[in-house]
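To start, the structure itself, in structure tokens.
So you know, we letter chains A, B, ... as the sequences are listed, proteins then strands, and number each from 1.
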Amino acid sequence: MSTLKAVRGTRDLLPPETELWNHVESTARRIFARYNFGEIRTPIFEDTTLFARGIGEETDVVSKEMYTWEDRARAASEKAQSLTLRPENTAGVVRAYIEHKLGETGLLQKLFYIGPQFRRERPQKGRYRQFFQIGAEVIGPATAGSESPLRDAEVLEMLAAFLLELGLPPANAVAPGWRLAINSVGSAADRPRYVAALREALREIAPTMCEDCQRRADTNPLRVLDCKVPEDQPKIDALPKIADYLDDASTAHFTAVRAALDACGMAYTVNPRLVRGLDYYTRTTFEFTHDAGLGTQNALLGGGRYDGLSEMLGGPRAPGIGFAIGADRLVLTLQSQAAGSAVGSKADVFIAPVGDAQNPAALKLAQELRAQGMRVEVGDGTFRVKKSFEVADKLARKIVLLGEDEVASGVLTVKDFASGEQRKMTQVELLATAR
RNA sequence: GCGGCUAUAGUUCAGUGGCAGAACGCCGGUCUGUGGAUCCGGAUGUCGUGGGUUCAAUCCCCACUAGCCGCCCCA
């Protein structure tokens, strides 16, 4: 019989690696809290329509990468509902915003999430079919300031603070690090005008370009800008620029975002070709990449503004901006930086009963020490003392020998592995030395 | 979804058409309570799965699966 394995594109996270994951997640919670974000937890699956409408029917994510199934109808009269494992979380958050009428508070909603997402792509390093994102959204009625360029800059500054807190500095001339690229794809009105102009220009040029571009020119013209084929680059440079199609408000918005970033001393580059793959993005889009540790999958996180998404989903006007961090990629990056290598800490003490008659007393001692907050590992009385020492040295900083004498007298024999010093002490003294 | 590379011990990896190897780790060392880079000994395993060629396949061939790299796309 063949043994069962985690399915393609999924994996188990085990200690001590999970320690690093917890570090990343708790750091996100700590930093986001400083910016007054609250946590939202949305369901892991949603009505398929949510993603089709929100992300865009024609996007790759929706058209070929979703885990979708027909839910069982409970009664003959009921229609089976099409459900989908969430491929990203922004649509779900906006759905919740609409459903709970959060706009009626009149306040800006600042929400973050941490959780698994699912896309049926070909797995490779840093890309899994179940992957984890840490994301945040700032959304609310325009009267709450949700449309302000200050929000864009604040979110970007928060991301920089988060990466810095994790020990990841921005790249500079000599050292690798992260890089921030930003762009504006215009308002909901600008974007179609630009796409139309792009289509027009591509009608002539596209046949001379690479195969992929010929296809993209038809299906998703913005993607042509992303082409990496060297021969196509001059042709792409000659295409209409999004900046020339922004209306005054969008241009002013982008200028204001940059001014706020400059004020914070944030380094970034404007990349006019940075268009995100999801339909809901408007105006500001951005991406953080990292030079080291990730192969081709060098995007650490991405995001942007989505002023029209709520309305696309049937809700009130609710401009917003958000991002999603690829936690799998962030962890990979930290591991390659050795910034995350200091994991695998030891227990405070290892209790070694000598003879299995001492087992009950050992468990009682462990219970009491743990109640005082100590991290305790308990061996087994059938272990020879030599083995207890070997195991204890691997797992803990101190060993407590608990033989017949110790149990009778209540005086423990304690050896510290770092100093090699061994002495008798009471339980109270042991607690004091561990502090 | 497409192309390339890979799959051998718990781990990292050698290797051969004829009994399967190293290092690290693991277990044990003249049985009575002392670990760390000492020393001695021991076990590692359907050689990814299923077919085929052959007297004989871990090795050659085919398919499948998985991982990695690249493409597409994206976090």
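- Nucleotide rG3(B) is matched to rC69(B) when pairs are restricted to Watson-Crick or G-U wobble geometry with both distances under 3.5 angstrom.
- Across all strands shown, rC64(B) pairs with rG48(B); the Watson-Crick or G-U wobble distances both stay below 3.5 Å.
- Rounded to an integer number of Å, the gap from N298(A) CG to rC73(B) P is 15 Å.
- In this structure, F131(A) forms an aromatic stack with the base of rA75(B), since both conditions hold: centre separation below 5.5 Å and plane angle below 30°.
- Taking atom P in both rC74(B) and rA57(B), the straight-line distance is 50 Å, to the nearest Å.
- Rounded to an integer number of Å, the gap from R129(A) CZ to rA66(B) P is 8 Å.
- The residue R11(A) sits apart from the nucleic acid: no heavy atom pair falls under 4.0 Å.
- If you check every strand for non-hydrogen atoms under 4.0 Å, G126(A) touches a base.
- Only the P atoms considered, rA63(B) is 14 Å distant from rC2(B), to the nearest whole Å.
- Evaluated for a side chain to side chain contact (heavy atoms under 4.5 Å, CB included) with Y97(A), the options I139(A), L313(A), I40(A) yield exactly one hit, I139(A).
- With both pairing distances under 3.5 Å, rU34(B) is matched to nothing as a Watson-Crick or G-U wobble pair.
- Nucleotide rC27(B) forms a Watson-Crick or G-U wobble pair with rG41(B), both donor-acceptor distances falling under 3.5 Å.
- OP1 or OP2 of rG67(B) sits under 4.0 Å from a side-chain N or O of R8(A).
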Please assess R370(A) against D348(A) for the test salt bridge (charged side-chain N to carboxylate O under 4.0 Å, His left out), listing each intermediate value before the final yes or no. CA-CA 10 Å; R370(A) 285 166 175 156; D348(A) 296 315; over 6 Å; no
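- Across all strands shown, I399(A) has no heavy atoms under 4.0 Å from either base or sugar-phosphate atoms.
- Atom CZ of R127(A) and atom P of rG67(B) are 13 Å apart (whole Å).
- Comparing rA14(B) with rC71(B), their P atoms sit 26 Å apart, to the nearest whole Å.
- Within 4.0 Å of Q124(A), counting heavy atoms only, lies at least one base atom of the nucleic acid.
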Quick one: side chains of residues 123-133 of chain A, donor-acceptor pairs under 3.5 Å with protein atoms, not counting sequence neighbours, listed by atom name and distance.
{"unit_1": "Q124(A)", "atom_1": "OE1", "unit_2": "Q297(A)", "atom_2": "NE2", "d": "3.2"}
{"unit_1": "R129(A)", "atom_1": "NE", "unit_2": "E121(A)", "atom_2": "O", "d": "2.7"}
{"unit_1": "R129(A)", "atom_1": "NH2", "unit_2": "E121(A)", "atom_2": "O", "d": "3.3"}

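- Here the separation of rG67(B) from rU8(B), taken at their P atoms, is 14 Å to the nearest Å.
- In this structure rC72(B) sits in the anti conformation; its chi angle is more than 90° from 0.
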Generate the contact string for nucleotides 3-10 of chain B. Rules: B means base contact, S means sugar-phosphate contact only, - means no protein heavy atom under 4.0 Å. B-------
Test side-chain hydrogen bond (donor to acceptor under 3.5 Å, both in side chains) on D262(A) and Y268(A); report intermediate values, then the result. CA-CA 9 Å; D262(A) 293 340; Y268(A) 61 88; 3.1 Å; yes
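- Rounding to whole angstrom units, CG of residue L332(A) and C1' of rG67(B) are separated by 14 Å.
- rC55(B) and rC39(B) have their C1' atoms separated by 48 Å, given to the nearest Å.
- Put simply, CG on D393(A) is 5 Å from C1' on rG35(B), counting in whole angstrom units.
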Protein-nucleotides 32-34 of chain B N/O pairs under 3.5 Å:
{"unit_1": "rG33(B)", "atom_1": "O6", "unit_2": "E406(A)", "atom_2": "OE1", "d": "3.3"}
{"unit_1": "rG33(B)", "atom_1": "N1", "unit_2": "E406(A)", "atom_2": "OE1", "d": "3.4"}
{"unit_1": "rG33(B)", "atom_1": "N1", "unit_2": "E406(A)", "atom_2": "OE2", "d": "3.0"}
{"unit_1": "rG33(B)", "atom_1": "N2", "unit_2": "E406(A)", "atom_2": "OE2", "d": "3.2"}
{"unit_1": "rU34(B)", "atom_1": "O2", "unit_2": "K415(A)", "atom_2": "NZ", "d": "3.4"}
{"unit_1": "rU34(B)", "atom_1": "O2", "unit_2": "Q422(A)", "atom_2": "OE1", "d": "3.3"}
{"unit_1": "rU34(B)", "atom_1": "N3", "unit_2": "Q422(A)", "atom_2": "OE1", "d": "2.7"}
{"unit_1": "rU34(B)", "atom_1": "N3", "unit_2": "Q422(A)", "atom_2": "NE2", "d": "3.1"}
{"unit_1": "rU34(B)", "atom_1": "O4", "unit_2": "Q422(A)", "atom_2": "NE2", "d": "2.5"}

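- In this structure, CZ of F286(A) is placed 10 Å from P of rA75(B), rounded to the nearest angstrom.
- For the pair R258(A) and F254(A), the cation-pi test (distance below 6.0 Å, angle within 45°) is passed.
- Taking 4.0 angstrom as the limit, K387(A) places none of its side-chain polar atoms (N or O) nearer than this to OP1 or OP2 of rG29(B).
- Heavy atoms of G420(A) sit under 4.0 angstrom from at least one base atom.
- A gap of 14 Å separates the C1' atoms of rG29(B) and rU38(B), to the nearest Å.
- Across the strands present, rG17(B) finds no partner; the criterion is a Watson-Crick or G-U wobble pair with both atom distances under 3.5 angstrom.
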Determine whether R397(A) and F417(A) satisfy the following criterion, side chain to side chain contact (heavy atoms under 4.5 Å, CB included), listing intermediate values before the conclusion. CA-CA 6 Å; R397(A) 292 197 298 271; F417(A) 287 121; 5.7 Å; no
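- Checked against rC74(B), rC73(B), rG67(B), the side chain of R329(A) finds its nearest nucleotide in rC74(B).
- Under the Watson-Crick or G-U wobble criterion, with both distances below 3.5 Å, rU58(B) has no partner in any strand shown.
- Residue contacts shown for A392(A) are absent, as no nucleic acid heavy atom lies under 4.0 Å away.
- Only the P atoms considered, rC24(B) is 26 Å distant from rU34(B), to the nearest whole Å.
- rA75(B) atom P lies 12 Å from atom CG of D60(A), rounded to whole Å.
- Along RNA chain B, the nucleotide nearest F132(A) and the nucleotide nearest K125(A) are compared for position; the residue whose nucleotide lies closer to the 5' end is K125(A).
- Two rings, from F112(A) and F37(A), have their centers 6.0 Å or more apart.
- For the C1' atoms, the distance from rA66(B) to rG52(B) is 22 Å, rounded to whole Å.
- At the heavy-atom level, F350(A) lies nowhere under 4.0 Å from the strands shown.
- Using a 4.0 Å heavy-atom cutoff across all strands shown, G9(A) reaches sugar-phosphate atoms only and no base atom.
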T269(A)/N271(A) under side-chain hydrogen bond (donor to acceptor under 3.5 Å, both in side chains): CA gap, chis, key distance, verdict: CA-CA 6 Å; T269(A) 58; N271(A) 177 359; over 6 Å; no
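- With hydrogens and angles left out, the side-chain atoms of S250(A) and R283(A) include a donor and acceptor closer than 3.5 Å.
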Dump the intermediate steps for salt bridge (charged side-chain N to carboxylate O under 4.0 Å, His left out) on R11(A) and D328(A), then the final yes or no. CA-CA 11 Å; R11(A) 63 199 178 129; D328(A) 306 80; 2.8 Å; yes
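- Rounded to a whole Å, the NZ atom of K5(A) is 7 Å from the P atom of rA66(B).
- Checked against a 6.0 Å centroid threshold, the rings of F32(A) and F162(A) count as neighbours.
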